[in-house]
Peer 1: 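Please read through the structure below; I'll follow up with questions.
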Amino acid sequence: MEERARSCLLRSKDTLEQDIKASYLMDHMVSDDILTNDEEARVLGKPTRREQATALLEVLLRKDNRAYISFYNALVRESYGDLANLLHSDLPLLSPEGERSFADGVSPSVQAILREGGVPQRPVVFVSRPTLLNLVREKLYWLKNTPGWVTVFGMAGSGKSVMAAEAVRDHALIKECFPGGVHWLSVGQCERADLLVRIQSLCFRLEQGQSSDASLRPPCSVEEAKERLRFLMHRRFPRSLLILDDVWDSFALRSFDIQCRVLLTTRNRSLADSVSGTRFEVPVESGLDEEKALEILALYVNGKPQKLPEEARSIVSECKGSPLVVSLIGALLREFPDRWSYYLLQLQKKQFKRIRKSSSYDYEALDQAMDASLQVLEPEHRDLYRDLSVMQKDINVPAKVLSVLWGLELEEVEDILQEFVNKSLLFRDCNQRPYHYYLHDLQLDFLCSWLCLSLCVQRFTDRP
Ligand SMILES: Nc1ncnc2c1ncn2[C@@H]1O[C@H](COP(=O)(O)OP(=O)(O)OP(=O)(O)O)[C@@H](O)[C@H]1O
Ligand SMILES: [Mg+2]
C-alpha cells in the first residue's frame, strides 16, 4: 500500500476502531477478493467488536492499494459516509494507466513493497545497464511458478547489489511473479552468531504486524531460525522473493535452502552449487563501457559528458570502467571540481588508499573492497595469488605457465585457478584451448600496490 494511503489509515485508526463493525465490511472485501475466508475468520475470532475492528485494520495495513479502495467502498456501501470521507483524499490511483505512468515502471504500490522489504534505493548517481537488467529480470521470471535461485556474480564493485535492487523495481515483475513481496537481507561475511542475528532480524521483520506471534521467542540457533524462516516464507509470504545480498559462505547460503525464491549476489560463482533446486546464473561484467562511465562522471559534476575536461577519458580508462571506482572518483570530483589531474595522477600511481569516499557502499575504499576477496582464500592460495602479480597487462597465460611458476602439478594448478575464477579474482578466456587466464587490470594494479606495500613493511621490520 502506498505511503499516503497507509498513513491516512494510521491517522484515522482510532476513529475507525471506535465506529466500524468489521463483519459488515468484510462481506464486501471478501467478495472483492481482498480478504480470504481465513483472514475473515481470524478477525471474527476476536471477542469484542472493537478488537475485531483493530484486527481488520491490521490485516488491511499489510495489503496493497486495492485493499484500501475496497475498504473505502465497503464504508460507503455500509453508510459510514463520515468515515469514508476521512479516507477519500488519500485514495490511491489504481488504473493500469495510473500505475504505469509512474517513473521507471515503479508504481507507488511497488515502491511500498520494496520499501517494506528493505530494498535499497538507487545510488544518487545511477546509469542504466539495460542488457544486464533484462538478463536478471528474465531469470527472475523463471521463478514465477517454481522456487529456485538466481545468482548474480562478479568481481568487487562491479554493480551486483545495485543491479539486484534495480531488477525488482518493476511493477509487472512483482505483480506477476512475487505478489507476496520482496525481502532484502544483507548477509556479508559473517560468523555463525552474526548469521543467526541476521536471520532473526529477518524473521522479526516478517512477523511484524502478525499479532498472534507476539509471544514467540526469537530462534536460538541457526537451525531453528531456518525452520522459522521456512514457515514464514511458505505460510505467510508465499510467492515472495528473498534477496540475499553479498553472500560469501556456502554454510550461510544453506541456511536459506528452504525451497523459496531467492535472488543472490556474490563474488563467488560456485556458491549456489551447495544448495538444492533450480538455479540460474547471471554474470556481471567488471567494467562499464566508456560512454556509461563518462555519464557517471558527468552526473556527479552536473555536466554533460561531451563537456568534461580532457582528463575524463583517461580517468575512465584508468578506472577500467569499474562502476565503483568511477563513482568514487566522481564523488570526490563533486567536492573538489578542480582536481581532475590530481585524481588521474593518483590512479596512475595506484594510490588506491587515497581514493576513498564514504558512501552507501560496504567498503570505505577500493583497496578494502579488493582485499576482502583475498582474505577468504586459504593462506597458501593467497600466496599463490600474490605471485600472479608477475602477469603482464593484456597477456593471457595458460595453466602450464603457472604450473612452472608455482612448481605444482598441472591438474592442481587448474583446480586452484578454477577457485580464483569462481571467486571473481581471475578471468578465464574460454575461446582458447587450453584455457588462458588473465587478471582484470584493476586487480593487477591492486596486487602490485599490495605487493609493494608488503615489501616495504618487510624491509622495515627486517631492519636491525
Ligand atoms: N548502475 C550504476 N550506476 C551508477 N553507479 C553504480 C552503478 N552500479 C554500481 N555503481 C556504483 O558502484 C558501487 C558499487 O556497486 P555495488 O555495491 O552494486 O557493487 P557490488 O558488485 O555489489 O560489490 P561487492 O562485491 O563489494 O558487494 C555503488 O556504490 C555505486 O556507487
Ligand atoms: Mg554488493
Side-chain angles (χ1 to χ4, degrees), residues 104 118-137 150-169 184-190 198 243-249 252-253 263-269 271 281-302 305 315-316 319-335 352 355-376 422-426 440 442-443 446:
D104 306 316
V119 176
Q121 291 181 321
R122 276 184 186 164
V124 189
V125 163
F126 171 82
V127 295
S128 61
R129 300 171 82 176
T131 315
L132 179 60
L133 182 65
N134 285 340
L135 217 54
V136 180
R137 286 190 179 152
V150 174
T151 303
V152 172
F153 69 93
M155 70 177 261
S158 54
K160 303 177 290 295
S161 304
V162 169
M163 185 47 66
E166 190 59 20
V168 291
R169 274 190 265 278
W184 180 283
L185 186 69
S186 300
V187 180
Q189 280 176 282
C190 57
R198 284 179 178 69
I243 305 185
L244 300 175
D245 183 40
D246 194 27
V247 186
W248 290 72
D249 309 297
L253 194 64
L263 170 60
L264 161 73
T265 82
T266 177
R267 297 184 191 176
N268 186 347
R269 176 182 190 169
L271 209 59
E281 279 186 353
V282 183
V284 177
E285 279 184 21
S286 39
L288 300 166
D289 61 39
E290 190 185 44
E291 295 315 311
K292 284 277 167 199
L294 286 171
E295 198 182 322
I296 293 188
L297 285 182
L299 284 166
Y300 269 109
V301 298
N302 292 326
I315 287 186
V316 163
C319 296
K320 329 296 178 217
S322 158
L324 167 64
V325 190
V326 179
S327 302
L328 290 174
I329 300 283
L332 290 166
L333 284 165
R334 170 179 277 177
E335 249 168 78
F352 295 127
I355 302 168
R356 68 173 62 223
K357 176 90 191 78
S358 63
S359 66
S360 54
Y361 184 59
D362 295 342
Y363 304 91
E364 250 185 40
L366 174 64
D367 55 337
Q368 285 174 12
M370 297 277 202
D371 195 46
S373 289
L374 296 195
Q375 293 314 321
V376 293
N422 283 341
K423 294 194 165 144
S424 303
L425 282 165
L426 187 69
H440 185 270
L442 267 183
Q443 288 167 328
F446 168 69

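When a ligand or atom number is given, it counts from 1 through the structure's own listing order.
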Peer 1: By number and element, which atoms of ligand 1 are closer than 4.0 Å to a non-hydrogen atom of Arg267?
Peer 2: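 Listed by number with element, the hits are 24 (P), 25 (O), 26 (O).
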Peer 1: Say you draw a straight line from CE of Met155 to CD of Gln443; how long is it, rounded to the nearest 0.5 Å?
Peer 2: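 Answer rounded to 0.5 Å: 4.0 Å.
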Peer 1: Quick check for you: to the nearest 0.5 Å, what is the distance between Arg137 atom CZ and Leu132 atom CG?
Peer 2: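 One gets 10.5 Å once the value is rounded to the nearest 0.5 Å.
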Peer 1: Less than 3.5 Å between some nitrogen or oxygen of Ile296 and one of ligand 1, yes or no?
Peer 2: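 No, Ile296 has no N/O under 3.5 Å of an N/O on ligand 1.
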Peer 1: What part of Ser327, side chain from CB on, backbone N/CA/C/O, both or neither, has a heavy atom under 4.0 Å from ligand 1?
Peer 2: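 The side chain, only.
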Peer 1: Which is it for Lys160 and ligand 1 at heavy atoms under 4.0 Å: side chain, backbone, both or neither?
Peer 2: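 The answer is both.
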Peer 1: When rounded to the nearest 0.5 angstrom, what distance separates CZ in Arg129 from CG in Leu135?
Peer 2: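 The CZ atom of Arg129 sits 11.5 Å away from the CG atom of Leu135.
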Peer 1: Listed by chain and number, what are the side chain to side chain donor-acceptor pair (under 3.5 Å) partners of Glu290, not counting sequence neighbours?
Peer 2: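 Glu290 satisfies side chain to side chain donor-acceptor pair (under 3.5 Å) with Arg313 once adjacent residues are dropped.
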Peer 1: How long is the gap from OG1 on Thr266 to CD on Glu281, to the nearest 0.5 Å?
Peer 2: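 So the gap between those two atoms works out to 10.5 Å.
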Peer 1: With nothing but distance in play, are any N or O atoms of Ala156 less than 3.5 Å from an N or O of ligand 1?
Peer 2: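 Such a contact does not occur with ligand 1.
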Peer 1: Touching ligand 1 at all, Ser158? Heavy atoms, strictly under 4.0 Å?
Peer 2: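 Flag set, Ser158 near ligand 1.
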Peer 1: Is Thr265 close enough that one of its N/O/S atoms sits under 2.8 Å from the Mg ion (ligand 2)?
Peer 2: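 Given the 2.8 Å cut-off, Thr265 does not count as a ligand of the Mg ion (ligand 2).
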Peer 1: Do any heavy atoms of Thr265 fall under 4.0 Å from ligand 1?
Peer 2: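 Not so, Thr265 does not reach ligand 1.
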Peer 1: Any nitrogen or oxygen of Met163, side chain or backbone, less than 3.5 Å from one on ligand 1?
Peer 2: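 Such a contact does not occur with ligand 1.
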Peer 1: Measuring from atom CG of Leu253 to atom CG of Leu244, what distance do you get when rounded to the nearest 0.5 angstrom?
Peer 2: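 Result: 6.5 Å between the selected atoms.
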Peer 1: Taking atom NZ of Lys160 and atom CG of Asp245, what is their separation to the nearest 0.5 Å?
Peer 2: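 One gets 8.5 Å once the value is rounded to the nearest 0.5 Å.
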Peer 1: Output yes when the distance from some N or O of ligand 1 to some N or O of Gly159 is under 3.5 Å, and no in every other case.
Peer 2: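 Yes.
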